Amino acid sequence: MEEVPNTFVTLSASVHLGQTIWMLGVASTGFALQLAKNAGAYVIATAGPRSSEHVEAAGADEVVDHTATEVSAAVTELVDVVLNLAPIDPAQLAALPALIRSGGVLVNTTVWMPAPSDEQRGVRGIDLFVNSDAEQLSRLVALVDSGGLRVDVAQRVPLAQLPAVHAQAAAGELHGKVVIVASAA
Ligand SMILES: NC(=O)c1ccc[n+]([C@@H]2O[C@H](COP(=O)([O-])OP(=O)(O)OC[C@H]3O[C@@H](n4cnc5c(N)ncnc54)[C@H](OP(=O)(O)O)[C@@H]3O)[C@@H](O)[C@H]2O)c1
């Protein structure tokens with residue numbers, strides 16, 4: 001199976017056909033979800049009430065409301081990969097390896113806390129940082145051009161409205177990308 005070029009999964013463990021991946025905080029970027037679906041994964045996503053419709057539309061197979069259910073209580077079957085994109089607390093992060101099959105991977109972007117592993121079961125914790133890799137980014141652009149990756153542009157606003165965009169983001173009212181348009185000189 002062809003591996004999907006994936007900014008998030010630079011992690012030596014790519015997501016493959018038939019694998020199950022649990023994503024926390026996926027509303028903050030639709031790309032991880034789309035790339036996992038492109039790779040043939042079954043995606044369970046956590047999303048709060050403000051994001052669930054958006055996450056379903058982006059292709060999640062199941063959506064679990066993290067404001068109503070503790071993630072660890074919602075897992076009925078162990079998954080292959082957990083991708084954490086959410087600002088969860090240390091206890092929530094520490095509970096994640098137990099949700100992963102032996103040999104699976106926990107990828108954590110909330111890197112002020114190191115990703116925990118479970119060495120006995122071969123579950124690896126991987127800390128993932130933003131990585132501006134030109135070759136990888138150009139593969140993502142090619143995917144956008146071919147329609148394999150959709151950029152969800154929510155709005156285009158003039159530069160003068162940037163403070164309002166930040167306020168919207170801080171209030172959790174922003175979904176998708178915002179294009180800031182500089183006025184012509
Ligand atoms: N490693 C890196 O290079 C890098 C780069 C940037 C940011 N980060 C880190 O990534 C994390 C997310 O940053 P962000 O700016 O995207 O944050 P954010 O917008 O505050 O949170 C992203 C999403 O996480 C969800 N969420 C919040 N609490 C949750 C919980 N307890 N369980 C599950 N989902 C939860 C929310 O989803 P709903 O809207 O669905 O409620 C929210 O939309 C932060 O810890 C940040 O420090 C890392």
Side-chain angles (χ1 to χ4, degrees), residues 1 3-11 13-101 104-111 113 115-116 123-130 140 143-144 147-154 168-178:
M1 207 289 341
E3 287 189 359
V4 171
N6 187 335
T7 305
F8 299 97
V9 188
T10 308
L11 34 122
S14 301
V15 175
H16 296 288
L17 181 69
Q19 285 191 320
T20 301
I21 178 166
W22 193 297
M23 295 186 176
L24 293 90
V26 73
S28 61
T29 166
F31 294 141
L33 179 45
Q34 290 183 61
L35 290 164
K37 290 306 300 172
N38 285 356
Y42 184 86
V43 177
I44 308 169
T46 61
R50 65 184 180 185
S51 311
S52 56
E53 207 176 302
H54 177 75
V55 169
E56 265 169 13
D61 296 290
E62 290 180 41
V63 178
V64 173
D65 181 354
H66 67 86
T67 66
T69 316
E70 189 57 43
V71 171
S72 50
V75 173
T76 50
E77 274 185 49
L78 299 185
V79 300
D80 299 292
V81 178
V82 171
L83 173 61
N84 177 43
L85 302 158
I88 58 175
D89 64 38
Q92 288 174 309
L93 184 67
L96 294 180
L99 313 182
I100 301 171
R101 284 193 186 99
V105 183
L106 165 62
V107 182
N108 179 45
T109 61
T110 305
V111 285
M113 308 177 281
V123 174
R124 284 186 304 139
I126 296 175
D127 295 310
L128 188 68
F129 294 84
V130 167
L140 289 170
L143 265 182
V144 172
L149 188 63
R150 200 183 65 255
V151 181
D152 178 13
V153 177
Q168 256 186 304
E173 292 165 357
L174 208 57
H175 287 305
K177 308 298 174 199
V178 178

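Worth knowing before you read on, the calculation uses all heavy atoms, side chains too, and leaves out hydrogens, waters and symmetry mates. Since the model is a prediction, treat every value here as computed from it, not as a measurement.
Heavy atoms only, all atoms of each residue included: K177 and V151 are closest at CG-CG1, 4.0 Å. A pairwise comparison of heavy atoms in T46 and G25 identifies OG1-N, 3.4 Å as the closest pair. Heavy-atom minimum distance, A98 versus L78: O-CD2, 3.4 Å. In terms of heavy atoms, D61 sits closest to A41 at OD2-O, 3.9 Å. In this structure, A45 and A60 approach most closely via the heavy-atom pair CB-CB, 4.0 Å. The minimum heavy-atom distance linking A169 with L174 is given by the pair CB-CD2, 3.9 Å.
For CD of E53, the number of neighbouring non-hydrogen atoms (other residues, nucleotides, ligands) closer than 6.0 Å is 12 at most. Surrounding CD of E173 are more than 12 heavy atoms belonging to other residues, nucleotides or ligands, all under 6.0 Å away.
In this structure, the side chains of N84 and W22 stay at 4.5 Å or more apart for every pair of heavy atoms. Considering only heavy atoms from C-beta on, L35 comes within 4.5 Å of L149 through its side chain. The side-chain heavy atoms of L106 and I100, taken from C-beta on, include a pair separated by under 4.5 Å. Between Y42 and I21, the closest side-chain pair of non-hydrogen atoms is not below 4.5 Å.
Of the candidates D80, V81, V123, R101 forms a side chain to side chain contact (heavy atoms under 4.5 Å, CB included) with just one, namely D80.
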